[in-house]
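The structure appears below as structure tokens.
Basis for what follows: all heavy atoms, side chains included, without hydrogens, waters or symmetry-related copies. Proteins get letters first, then strands, A, B, ... in listed order; numbering begins at 1 in each. Keep in mind the model is a prediction, meaning the values are calculated, not measured.
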Number of protein chains: 2
Amino acid sequence: MVEYSTPTLDAVFHALSDPTRRAMLHRLSISERTVSELATPFNMSLAGASKHIKVLEAAGLVRRHVQGRTHICALQAARLAEAQEWLRYYEQFWEERLDDLEDILRAEDRALAEKAKHERRKGSKPKHEIKE
Amino acid sequence: MVEYSTPTLDAVFHALSDPTRRAMLHRLSISERTVSELATPFNMSLAGASKHIKVLEAAGLVRRHVQGRTHICALQAARLAEAQEWLRYYEQFWEERLDDLEDILRAEDRALAEKAKHERRKGSKPKHEIKE
DNA sequence: CTTATATTAAACCCTATGGTTGAATATAGC
DNA sequence: GCTATATTCAACCATAGGGTTTAATATAAG
């Protein structure tokens with residue numbers, strides 16, 4: 001049985017409910033960033049951005065490691081997995097009524113997966129042999 | 001390209017950030033309920049529960065149809081699908097982390113094997129490159 | 001040592017949130 | 001029509017949220 005820690009889910013969903021924070025997560029998915037780098041694109045004081053980062057950190061979605069006077073933030077996706085796990089239970093309820101958009105998305109996913117599969121087959125070689 | 005309506009995601013994630021509301025959704029996933037039925041298990045005034053239901057409704061997670069003096073609420077899962085779709089983008093990052101973990105374990109295994117083979121030979125390898 | 005940079009802390013301002021209680025509305029049943 | 005039931009509305013309260021500005025802290029660089 002899957003156990004959900006509600007304090008964790010509370011914090012994660014709350015963290016995700018703000019568009020600034022979601023944008024920060026997205027930028028972190030591209031690469032690690034310092035606090036000021038993260039703050040830059042938002043029309044907001046550094047202190048304000050710092051608060052958002054702390055919310056993300058408190059929810060376990062971001063980890064920071066301090067290097068001198070700069071704080072480097074990195075995405076930590078595991079808690080997102082928990083949120084998705086919670087949502088997964090509800091799949092059965094929307095799968096019954098897939099609309100066109102969903103169909104299209106799924107088709108795209110399949111296409112991408114297929115493409116990736118082919119590329120793996122022909123394109124990518126193992127980098128290292130694992131010696132036994 | 002998947003387009004996310006941030007007002008919608010804001011509302012959905014916010015709605016999900018409260019344990020009472022998540023519990024309500026779960027009960028609705030079992031069957032439709034009237035407002036008072038939904039309110040019953042929570043240690044809370046009816047008006048309080050009613051507010052929660054309105055938050056869920058505003059987020060598009062619950063639909064109600066009024067029948068005489070009773071309001072019957074039903075789960076509407078489509079918006080949950082949107083939330084999950086948003087989260088799906090991040091799957092690659094937690095899967096990647098698992099892959100990394102696997103790599104690390106495998107590397108450790110190799111290191112152990114090596115060590116065992118050569119007994120107590122000297123020389124330490126660089127642990128980890130920080131990737132950009 | 002002094003100054004500049006990166007970040008947080010503190011104090012404050014509004015507004016939103018989650019909760020309450022008590023009155024209002026609508027409908028059902030007698 | 002009168003009364004009981006189902007639900008919301010309105011007013012209120014306390015606290016959390018998102019934002020600001022002005023220190024304060026820590027480290028880097030002259």
Between Arg21(A) and dG18(D), is there a contact of a side-chain N or O with OP1 or OP2 at under 4.0 Å?
yes

Whole-Å gap separating [atom2] ([N]) and [atom1] ([X]):
X: His71(A); N: dA28(D); atom1: NE2; atom2: P; value: 11 Å
X: Arg69(A); N: dA4(C); atom1: CZ; atom2: P; value: 12 Å
X: Leu46(A); N: dT20(D); atom1: CG; atom2: C1'; value: 13 Å
X: Phe13(A); N: dA16(D); atom1: CZ; atom2: P; value: 22 Å
X: Ile53(B); N: dC9(D); atom1: CD1; atom2: P; value: 12 Å
X: Asp18(A); N: dG17(D); atom1: CG; atom2: P; value: 11 Å
X: Asn43(A); N: dG18(D); atom1: CG; atom2: C1'; value: 14 Å
X: Met44(B); N: dT21(C); atom1: CE; atom2: C1'; value: 15 Å

Shortest side-chain distance from [X], nucleotide among [options]:
X: Lys54(A); options: dT5(C), dA9(C), dG19(C); value: dA9(C)
X: Ser45(A); options: dT21(D), dT21(C), dG18(C); value: dT21(D)
X: His52(B); options: dG18(D), dA4(C), dG19(C); value: dG19(C)
X: Ala47(B); options: dT21(C), dG18(C), dA6(D); value: dT21(C)

Indicate yes or no for a side-chain donor-acceptor contact from [X] to the backbone of [Y] under 3.5 Å, with no hydrogens or angles considered.
X: Arg27(B); Y: Glu37(B); answer: yes
X: Arg21(B); Y: His52(B); answer: no
X: Tyr90(B); Y: His26(A); answer: yes

Beyond-backbone contact of [X] with [Y], side-chain heavy atoms, under 4.5 angstrom:
X: Thr34(A); Y: Cys73(A); result: no
X: Trp86(B); Y: Leu87(A); result: no
X: Val35(A); Y: Thr70(A); result: no

Distance criterion of 3.5 Å, no angle test: do you see the side chain of Lys51(A) paired donor-to-acceptor with the base of dG17(D)?
no

DNA chain D: 5'-proximal contact among Ser50(B) and Val55(A) (nearest heavy atom):
Ser50(B)

Any residue meeting side-chain hydrogen bond (donor to acceptor under 3.5 Å, both in side chains) with Ser29(A), in chain and number order, not counting sequence neighbours
Tyr89(B)

Just checking Gly48(B): base, sugar-phosphate only, or nothing, at a heavy-atom cut-off of under 4.0 Å?
base

Can you list, by residue number, the residues of residues 25-35 of chain B that have a non-hydrogen atom closer than 4.0 angstrom to DNA chain C?
none

